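Please read these numbers as outputs of a predicted model, since none were measured by experiment. Chain A is the first sequence line, chain B the second, and so forth, proteins listed ahead of strands; every chain is numbered from 1.
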There are 2 protein chains.
Amino acid sequence: MTDSSPTPSAVNALPAKQQQLIQTAFALFYRDSIHGVGINQILQEAGIAKKTLYHHFASKDELVLAVLAYRDEVFFNWLEQRIRSASSTEDTVQHWFAALDDWFHNRVAELQEFRGCFFMHSAAEFTDPAHPVHQHCAQHKTRLSGMLSKHLGQWLDSRKAKKLADDLGLLKEGAIVCAQVQGNKKAARQAALIAQSLLISAH
Amino acid sequence: MTDSSPTPSAVNALPAKQQQLIQTAFALFYRDSIHGVGINQILQEAGIAKKTLYHHFASKDELVLAVLAYRDEVFFNWLEQRIRSASSTEDTVQHWFAALDDWFHNRVAELQEFRGCFFMHSAAEFTDPAHPVHQHCAQHKTRLSGMLSKHLGQWLDSRKAKKLADDLGLLKEGAIVCAQVQGNKKAARQAALIAQSLLISAH
DNA sequence: AACAAAATAGACCGATCGGTCTACCTTAAG
DNA sequence: CTTAAGGTAGACCGATCGGTCTATTTTGTT
């Protein structure tokens, strides 16, 4: 496919219908899982014709990957913004779990109603580590950890920053699961306390 | 492993086919998710007729619930056994994460090849907290936490025991997710170190 | 006005979904 | 032997699956 018209500026502005499909698909996938939602359901919900979907995406699999990329971007940007203003290691930890707490209590509009981690869920539906979906999920978490690690690098040497970032990542996953499966909305605060003891004993 | 004891007539014990269906269904659900596996696939894999399935279970939903109960029992019994011999709070924590470490490294035959927490995955497929499947998943984790808390009660007062059990539960979930999504098999040891700092700072 | 890309509705395809049903075979207890 | 329950194979049901296709209309550029 050759695009004859020169596009000087950013390409990241996707066609409107494509965005609408991705957002609708995400909402449905997030609620009922990927395998649990059919193409026709997405089309009906979005009010978009089937031909249009297959004009933008070669298959359901490609739509799924686009949805993962979309959620990755939204979530990453949100969380990065939340810890950006932190002014110390301790402050970053506070911000990290305060953000999760807001998410669990549905105080973050752009993340939709909390239903756990979409990437966790998707990786569970595609257990083969070589599958593109699974790899995308792993990448998301690696990317988050890297972002946090880099941020902590302002006050810690890189080895300690990476280790703490890994630990905060593990605590984040644990909190998300507890919040989602058992409805324990206080899980973010619980994880924050655990992280506190981590900082104390690291002295 | 299957028992090859010479009991030709006793092999036809009543629940044999039912058990076989449940075990086959679990293996498939665990690998490809519940919504991703059809009835016919289960029947073909198990070598059992469709009529037999619907003789034992009223619907796929009921089979799913039976599979959850089966996994719940296997997992609970295994983990309880693993911490039963612990002789102190610290020892229990060691046993707890050593068990997870064995699981992640596929050293526990009865749990099948590690693919994360089946209840976590199932709760993600049925996000409605009122759905029987979701409730069963929540119950599983509550039951595990209760078991651990009771065990820790040997050396701690009940309030501290419950709090520590909750924290160990959160760390367990976090480790499972890291091990499954990112393939980080060292997550159990990582979580164990976090738990260590928890015990130290609790003094 | 002309034209191409984008989008529309919806019929249609073979395959599979969960589930029902008929008909026959095997087994154990009375 | 009789009988009833558990099991077999597999045809069959309407619905939905992911995906293709025809025919038509909308839209933006030139």
Side-chain angles (χ1 to χ4, degrees), chain A residues 1-9 11-29 31-68 122 125-126 131-133, chain B residues 6-29 31-68 122 125-126 131-133:
Chain A
M1 187 191 293
T2 50
D3 192 354
S4 56
S5 65
T7 52
S9 55
V11 197
N12 54 3
L14 297 173
K17 296 286 173 180
Q18 199 165 343
Q19 278 288 349
Q20 198 179 341
L21 275 169
I22 290 173
Q23 287 175 18
T24 304
F26 168 74
L28 294 176
F29 288 160
R31 173 155 53 87
D32 293 331
S33 85
I34 295 172
H35 287 137
V37 175
I39 287 292
N40 297 312
Q41 190 182 347
I42 296 168
L43 294 173
Q44 187 183 358
E45 186 84 10
I48 285 176
K50 192 176 272 196
K51 184 88 198 210
T52 306
L53 190 158
Y54 284 101
H55 174 71
H56 291 296
F57 304 100
S59 63
K60 184 187 180 183
D61 278 347
E62 284 209 6
L63 172 61
V64 169
L65 289 175
V67 168
L68 286 169
S122 300
E125 290 195 76
F126 299 86
H131 193 286
V133 169
Chain B
T7 50
S9 57
V11 167
N12 292 350
L14 292 170
K17 297 284 173 180
Q18 199 165 344
Q19 279 290 340
Q20 197 180 341
L21 275 169
I22 289 172
Q23 287 174 17
T24 302
F26 168 73
L28 294 176
F29 289 160
R31 173 154 54 86
D32 294 329
S33 85
I34 294 171
H35 286 136
V37 175
I39 286 291
N40 297 312
Q41 190 182 347
I42 297 168
L43 294 173
Q44 187 183 356
E45 185 86 7
I48 285 175
K50 192 176 272 195
K51 184 88 197 210
T52 306
L53 190 159
Y54 284 100
H55 173 72
H56 291 297
F57 304 99
S59 64
K60 184 187 180 183
D61 277 348
E62 284 210 4
L63 172 62
V64 169
L65 289 175
V67 167
L68 286 169
S122 300
E125 292 195 76
F126 299 86
H131 193 286
V133 169

Quiz prompt | Length of the CD1-C1' vector between A:I48 and D:dT25, whole Å | solution = 17 Å
Self-check item: Pairwise distance CD1(A:I48) to OG1(A:T24) - rounded to 0.5 angstrom
Solution: 6.5 Å
Quiz item: B:L43 CG to C:dG19 C1': how many Å, rounded?
Solution: 11 Å
Practice problem: Hey, could you give me the CD/NE2 distance between B:Q19 and B:H56, rounded to the nearest 0.5 Å? | Solution: 10.5 Å
Quiz prompt | Interatomic distance, B:I39 CD1 vs C:dG18 C1' [rounded to whole Å] | solution = 7 Å
Exercise. Look only at the side chain of B:E125 and the backbone of B:I34, and say whether a donor-acceptor pair between them is shorter than 3.5 Å.
Key: yes
Practice problem: Quickly work out the B:Q41 CD to D:dC17 C1' distance and round it to whole Å. | Solution: 15 Å
Practice problem: Verify the ring-centre separation between A:H35 and A:F29: is it less than 6.0 angstrom? | Solution: no
Self-check item: Nearest-Å distance for atom pair NE2/P, residues A:H55 and C:dG10
Solution: 21 Å
Quiz item: How long is the span from the NZ atom in B:K50 to the CD1 atom in B:I42, to the nearest 0.5 Å?
Solution: 11.0 Å
Quiz item: Would you say A:T52 reaches C:dA6's phosphate, i.e. side-chain N/O to OP1/OP2 under 4.0 Å?
Solution: no
Self-check item: Which nucleotide in C:dA9, D:dG7, C:dG19 has an atom nearest any side-chain atom of B:S59
Solution: C:dG19
Exercise. Looking only at side-chain atoms of B:Y54, point me to the closest of D:dT20, C:dG18, C:dA7.
Key: C:dG18
Self-check item: Protein-nucleotide distance (B:Q44, atom CD; C:dG18, atom C1'), rounded to Å
Solution: 16 Å
Quiz item: What does B:H35 touch in the nucleic acid at a heavy-atom separation under 4.0 angstrom: a base, only the sugar-phosphate, or nothing?
Solution: nothing
Quiz item: For the pair made of CD in B:Q20 and P in D:dG7, what is the distance, rounded to whole Å?
Solution: 10 Å
Exercise. Please figure out whether B:K51 or A:K51 has its closest DNA chain C nucleotide nearer the 5' end.
Key: A:K51
Quiz item: Does a nitrogen or oxygen in the side chain of A:H56 sit under 4.0 Å from OP1 or OP2 of C:dA6?
Solution: no
Quiz item: Side chain of A:K50, base of C:dG10: donor and acceptor closer than 3.5 Å?
Solution: no
Quiz item: C:dC17 P sits how many Å from B:K60 NZ, rounded?
Solution: 9 Å
